[in-house]
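Accompanying notes for the structure given below.
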Amino acid sequence: MVSYVGVLLYGVGGIVVAGMALLVAFQEKLVYVPVLPGLTKSYPVTPARLRLLYEDVWLRSSDGVRLHAWFIKVLPESRGPTVLFFQENAGNIAHRLEMVRIMIQRLQCNVFMLSYRGYGASDGYPSQHGITKDAQAALDHLSQRTDIDTSRIVVFGRSLGGAVGALLTKNNPDKVAALILENTFTSILDMAGVILPFLKWFIGGTSSKGPKLLNFLVRSPWSTIDVVGQIKQPILFLSGLQDEMVPPFHMQMLYGKAAAHNRECVFVDFPNGMHMDTWLAGGDHYWRTTQQFLEKHVPEIKEHDSSHDDKVAESKSTLWVCSLNSEISPKHSGFLREFLLVSQASADVQKI
């Protein structure tokens, strides 16, 4: 009998050790998925595909990594808000272009789309430490531009992008006017038990009741729940109640933590919204909600405001945006189908 117990204990111990080894070796591949199965790392399309004239921007992070981004303006001399867009963990910025096209049209905003290190045309390998530097490099670039209103920079992040954006917003109260979070998790530590249920007994965030014995092994904890309560800027929470990847209660917990310290928090849920398509399922309600948030917290400064005119130099850009329709046109329907296929492929591998 004793020998059987010993064998059982050795077996369990072996499984735990093997699990720890896999977690240490492959955790970045679970958190960061720059290349979706069957696709390549390169961009399948550019903004030109949607008749968006854009600027290729090349940046250097503080640790020297070369980064790529697209800057798309609604109008050459637009003083509208500028959205710093942070994507989810899977695929690249090209897979978000249809959503961004409609964002530009509905919100009359500029959009700066950053490729994290290791994603798209950016160099390097993704990590929390590195992506935090990438986000700061993007914000610093926008803050130094003379062709936008730098007082109206808004950070938007979905899923992993929400964790990136929340940390950036907290660290830059003088540069970021407002934050929009969509379908974001409380932390990777809490998501570990969602991805692999047995891990909830060993890994967990501040809200977890488990022993958290293996937390020290997680190199990218992205603890948004510990960050959001320190943000002073207005925050809009957009939650898809059919989210199949991040349990919707994560967004409710984030809102609760933020609202306890920040009166300028708004929570809006969308009954049919899934992880990747809340903007699509939410329809007009989604965009009206976002527009009202921007109008309240990053309002347009009138032309006669001389202090603002001194701050924002006359635009030198020659960018233009063409053929923006309020609905998805037949001309773009093929791309939308491709987007939805990519979203489905992402759903098969993306767990955060």
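Worth knowing before you read on, the calculation uses all heavy atoms, side chains too, and leaves out hydrogens, waters and symmetry mates. All residue numbers refer to positions in the sequence shown, counting from 1. All figures in this text were calculated on a predicted structure; none of them were measured in a lab.
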(Q) Could you measure the distance from the CE atom of M99 to the CD1 atom of I104? Nearest 0.5 Å is fine. (A) 10.5 Å
(Q) Tell me whether V33 shares a hydrophobic cluster with M274, the cluster being built from Ile, Leu, Val, Met, Phe, Trp, Tyr side chains joined at under 4.5 Å. (A) no
Q) What residues form a side chain to side chain contact (heavy atoms under 4.5 Å, CB included) with Y125, not counting sequence neighbours? A) none
**Q.** Side-chain donor or acceptor of Y119 paired with backbone N/O of N89 under 3.5 Å
**A.** yes
Q. Is the backbone of I225 close enough, under 3.5 Å, to the side chain of K257 for a donor and an acceptor to pair up by distance?
A. yes
(Q) Please determine whether residues I93 and V35 belong to a single hydrophobic cluster, defined as Ile, Leu, Val, Met, Phe, Trp and Tyr linked transitively by side-chain heavy-atom distances below 4.5 Å. (A) no
(Q) With clusters defined by side-chain heavy atoms of hydrophobic residues (ILVMFWY) lying less than 4.5 Å apart, directly or transitively, does L241 cluster with L254? (A) no
Q: Go through the structure and list residues passing side chain to side chain contact (heavy atoms under 4.5 Å, CB included) with Q291, not counting sequence neighbours.
A: L107, E295
Q) Are side-chain heavy atoms of T186 and T224 found at a separation under 4.5 Å? A) no
Q.
Let's go through Y116 and L67 carefully: what are the C-alpha distance in whole Å and the side-chain angles of both, what is the deciding distance for side-chain contact (heavy atoms from CB on, under 4.5 Å) to 0.1 Å, and is it a yes or a no?
A. CA-CA 7 Å; Y116 308 135; L67 306 171; over 6 Å; no
Q. Is there a donor-acceptor contact under 3.5 Å linking the side chains of E88 and N183?
A. no
(Q) Test side-chain contact (heavy atoms from CB on, under 4.5 Å) on Q252 and S239; report intermediate values, then the result. (A) CA-CA 8 Å; Q252 295 165 6; S239 177; 5.7 Å; no
Q | Within residues 121-132 or reaching into it, pairs that qualify as salt bridge (Lys or Arg N to Asp or Glu O under 4.0 Å) - sequence neighbours excluded | A | none
Q.
Could you check whether any side-chain N or O of Q105 sits under 3.5 Å from a backbone N or O of R101, counting only pairs where one atom can act as donor and the other as acceptor?
A. no
Q.
Could you measure the distance from the CG atom of L179 to the NZ atom of K232? Nearest 0.5 Å is fine.
A. 14.0 Å
Q) Please, which pairs that meet salt bridge (Lys or Arg N to Asp or Glu O under 4.0 Å) have at least one residue in residues 176-186, sequence neighbours excluded? A) R158-E182
Q: Applying side-chain contact (heavy atoms from CB on, under 4.5 Å), run through L97 and I72 and close with a yes or a no.
A: CA-CA 10 Å; L97 275 175; I72 310 170; 4.3 Å; yes
Q) Among all residues two or more places apart in sequence or in another chain, which pass the side chain to side chain contact (heavy atoms under 4.5 Å, CB included) test with A121? A) Y43, W58, H68
Q.
So, using side chain to side chain contact (heavy atoms under 4.5 Å, CB included) as the criterion, who are the partners of A281 when residues are at least two apart?
A. N272, D277
Q: Return the set of residues passing side-chain hydrogen bond (donor to acceptor under 3.5 Å, both in side chains) with K175 (not counting sequence neighbours), or none when no residue passes.
A: D140
(Q) Going by ring pair (Phe, Tyr, Trp, His ring centres under 6.0 Å), name the pairs with one or both residues in residues 136-164, residues two or more places apart or in two chains. (A) F85-F156, F112-H141
(Q) Could you work out, with salt bridge (charged side-chain N to carboxylate O under 4.0 Å, His left out) as the rule, every residue matching D284, not counting sequence neighbours? (A) R106, R288
Q: I would like to know whether H95 and L39 meet side-chain contact (heavy atoms from CB on, under 4.5 Å); could you show each step before the answer?
A: CA-CA 11 Å; H95 301 138; L39 301 178; 4.0 Å; yes
Q) Taking K133 for the side chain and V65 for the main chain, is one N or O donor matched with an acceptor at less than 3.5 Å? A) no
Q | Set of side-chain hydrogen bond (donor to acceptor under 3.5 Å, both in side chains) partners for S61, sequence neighbours left out | A | D63, R117
Q: Could you grab the distance from atom CD1 of I131 to atom OH of Y32, nearest 0.5 Å is fine?
A: 4.5 Å
Q. Taking side chain as C-beta onward, heavy atoms only, is W70 less than 4.5 Å from T46?
A. yes
(Q) Rounded at 0.5 Å granularity, tell me how far CG in L59 sits from CG in D134. (A) 9.0 Å
Q) What distance separates F86 CZ from L114 CG, expressed to the nearest 0.5 Å? A) 6.0 Å
Q) Just how far is it from atom CG of D243 to atom OG1 of T278, taken to the nearest 0.5 Å? A) 6.5 Å
Validation: residues 261-271 side-chain donor-acceptor distances under 3.5 Å, sequence neighbours left out:
| residue | atom | partner | partner atom | Å |
| --- | --- | --- | --- | --- |
| N262 | OD1 | E264 | N | 2.8 |
| N262 | ND2 | I231 | O | 3.2 |
| N262 | ND2 | Q233 | O | 2.7 |

Q: With the side chain counted from C-beta on, respond yes when W222 and T132 share a heavy-atom pair under 4.5 Å apart, and no when they do not.
A: yes
Q: Give a yes or no on whether K296 atom NZ has more than 12 heavy-atom contacts from other residues, nucleotides or ligands under 6.0 Å away.
A: no
Q: Heavy atoms only: give me the nearest P234-A177 pair and the separation to one decimal.
A: CD-O, 3.4 Å
(Q) Using only atom types and a distance under 3.5 Å, with no angle test, would you say the side chain of T150 pairs donor to acceptor with the backbone of T146? (A) no
Q: Apply side-chain hydrogen bond (donor to acceptor under 3.5 Å, both in side chains) to T184 and list each qualifying residue two or more places apart in sequence or on a separate chain.
A: none
Q | 4.5 Å side-chain heavy-atom contact, L50 and E98 | A | yes
